[in-house]
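Keep in mind the model is a prediction, meaning the values are calculated, not measured. In listed order, ligands and their atoms are each counted from 1.
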Amino acid sequence: MRQARAGGIIARMTPMHTLPSPTHGQPRRVAVIGAGPAGLMAAEVLAQHGASVDVYDAMPSAGRKFLLAGRGGMNITHSEPQPDFLPRYGNRREQLAPFVRRFDAERLRQWIHDLGIETFVGTSGRVFPREMKAAPLLRAWLHRLREAGVRFHTRHRWLGWDADGALRLANPDGEIAVQADAVVLALGGASWSRLGSDGAWVPLLQERQVEVAPLLPSNCGFELDWSEHLRERFAGEPVKPVVASVALPSGGVQNRRGEFIVTAQGIEGGLVYAMSAALRESIATEGSARLYLDLLPDWTLEKVEAELAHPRGARSMSSHLQSRLHLKGVKAALLREIVSRDDFADPARLARAIKALPLTVLRPRPIDEAISSAGGVSFEALDDALMLRALPGVFCAGEMLDWEAPTGGYLLTACFATGHAAGNGAWEWLNAADRTDKLPAPQQEQHK
Ligand SMILES: Cc1cc2nc3c(=O)[nH]c(=O)nc-3n(C[C@H](O)[C@H](O)[C@H](O)COP(=O)(O)OP(=O)(O)OC[C@H]3O[C@@H](n4cnc5c(N)ncnc54)[C@H](O)[C@@H]3O)c2cc1C
């Protein structure tokens, strides 16, 4: 059954409950919505199984955020062993573990090599494509997908389901309705919305009784109330090396050595991103977060105290700091910014501030600026194969699921791994015994 309508095209495929099974020669139709790494991986798995796969994406081309991720040096996964790798997913490690174990860093690297792209392990253990870029990988991958029969429909924005359970997709010519035997949603989070992932899918799933945790900025910058002096003189300056500590809302303290950048609004950069979950959660519970900086991580408190206790004669404390501790520039400015005049003049109190400078972190920067987002489709809403319990036949993958991870290749690894699992899950679901006869049009049933 096919229909076409002038203006807004209705491309109505055969309703799924009357589709012949694959054994009768007709492949199952699967719609994958979202052409980021998670959706493309699901499409690949399904095409390999023999499904007829259509990939829809709202943007004019596939993988825009993936390409951006490759711009500063694509860190695609990490070489550390699984016992170290899995805890990077924090309180979602249990949920993600089965997927990441099945499609782990080693398998991911092999998959990249099969695309003709070499990888190497950096000194930090991070894994990169040899050329550091995403574009050659994406080009080779899209070519392989097309060769495998995957059809791409760009500029097709998913709008939910119509009354018949068909997928509503808006394209430049109007709206089409597409029936599919199974659907994989891989719509991304809500950062860098101009690259396609705008989180507009959240109400579409909530309307269908799917639990979605609010999308929040992750791996993001934070705002502090800097003085005009600090903002004007030091915005853009890197602060390094430091050890940052933040109390975890669940108890304990997160410590990390690294560097960050002072911005006009606050702080950003690798070290801050790594602590973003703890900072964000502290702010949510306390109203603000305390981030302690050890400005001289290679010096003990005793040594700092001893150096500051040296007589400084007529020298100012600032030049004393510079000559005895080599503390100058932005680090010295941060001390002046936070430490009271009295404490600054007191060597013992100043030494303690140098080793644990308390910054009051007010709020995360807007989600659109973040590297990734936390929150998303709750794992309770999904079965073990990443199928939505409320919408049989609809699978979810990638950053749209409720997990977060620091940078270091963990984000892409989980996107690939869940895309892989959703693709396999959809295929297995389609092939489950008696599916065709016993479950007439699960989406239609659910979506009316
Ligand atoms: C600046 C930057 C650097 C990064 N660097 C790294 C890195 O080095 N390593 C790493 O591991 N991760 C990195 N990431 C994160 C990584 O890119 C993402 O986690 C990953 O792309 C998410 O994959 P995804 O397939 O789940 O979603 P996305 O890549 O966001 O893809 C989702 C797709 O769905 C489409 N879509 C959304 N809504 C609709 C709709 N309603 N209808 C149709 N299509 C829709 C979008 O257009 C998009 O193409 C970086 C991110 C950024 C922003």
Side-chain angles (χ1 to χ4, degrees), residues 31-43 54-78 85 88-89 105 108 122 124 126-129 132-134 137-138 152-161 167-171 175 178 183-205 215 217-221 268 270 273 367-374 376-377 386 396-401 403-420 422-423:
V32 175
I33 309 179
L40 294 179
M41 182 56 82
D54 289 272
V55 176
Y56 299 90
D57 199 289
M59 299 301 286
S61 59
R64 294 211 160 186
K65 189 179 277 186
F66 186 61
L67 286 174
L68 177 78
R71 219 176 272 166
M74 159 145 291
N75 177 198
I76 204 149
T77 188
H78 203 288
F85 197 111
R88 308 292 179 183
Y89 298 106
L108 175 55
S124 58
R126 293 172 180 223
V127 176
F128 301 90
M132 300 289 283
K133 293 182 200 146
L137 193 160
L138 183 64
F152 286 88
H153 310 267
T154 53
R155 295 192 164 93
H156 279 66
R157 168 169 288 277
W158 177 60
L159 302 174
W161 290 270
L167 298 163
R168 290 180 56 208
L169 290 151
N171 67 22
E175 192 177 313
V178 170
V183 176
V184 177
L185 300 176
L187 302 162
S191 74
W192 289 74
S193 56
R194 63 183 178 279
L195 302 179
S197 34
D198 56 10
W201 54 266
V202 172
L204 301 179
L205 291 186
L215 296 176
S218 180
N219 293 301
C220 56
E268 66 173 32
Y273 299 161
I367 192 166
D368 203 41
E369 293 177 14
I371 301 270
S372 58
S373 30
V377 175
L386 297 176
C396 295
E399 205 181 303
M400 71 181 292
L401 305 181
W403 57 273
E404 65 181 310
T407 55
Y410 308 105
L411 295 164
L412 282 171
T413 304
C415 290
F416 284 119
T418 54
H420 195 262

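Evaluation of the side chain to side chain contact (heavy atoms under 4.5 Å, CB included) rule for Ser218 yields Ser276, Arg280, Ser372, Ala374, Glu404 as partners, not counting sequence neighbours. For Ser191, the side chain to side chain contact (heavy atoms under 4.5 Å, CB included) criterion is met by Lys65, Ala370, not counting sequence neighbours. Partners of Arg71 under the side chain to side chain contact (heavy atoms under 4.5 Å, CB included) rule, at least two apart in sequence or in another chain, are Leu68.
A heavy-atom cutoff of 4.0 Å around ligand 1 is satisfied by the protein residues Ile33, Gly34, Ala35, Gly36, Pro37, Ala38, Asp57, Ala58, Met59, Lys65, Leu68, Ala69, Asn75, His156, Arg157, Trp158, Ala186, Leu187, Gly188, Trp192, Leu195, Gly196, Ser197, Ile371, Gly398, Glu399, Gly409, Leu411, Leu412, Cys415.
Side chains of Asp368 and Ser193: a donor-acceptor N/O pair is present below 3.5 angstrom, by distance only. Between the side chains of Asp54 and His153, at least one donor-acceptor pair of N or O atoms lies under 3.5 Å. Side-chain atoms of Thr413 and Thr77 form a donor-acceptor pair, as typed in the model, at a separation below 3.5 Å.
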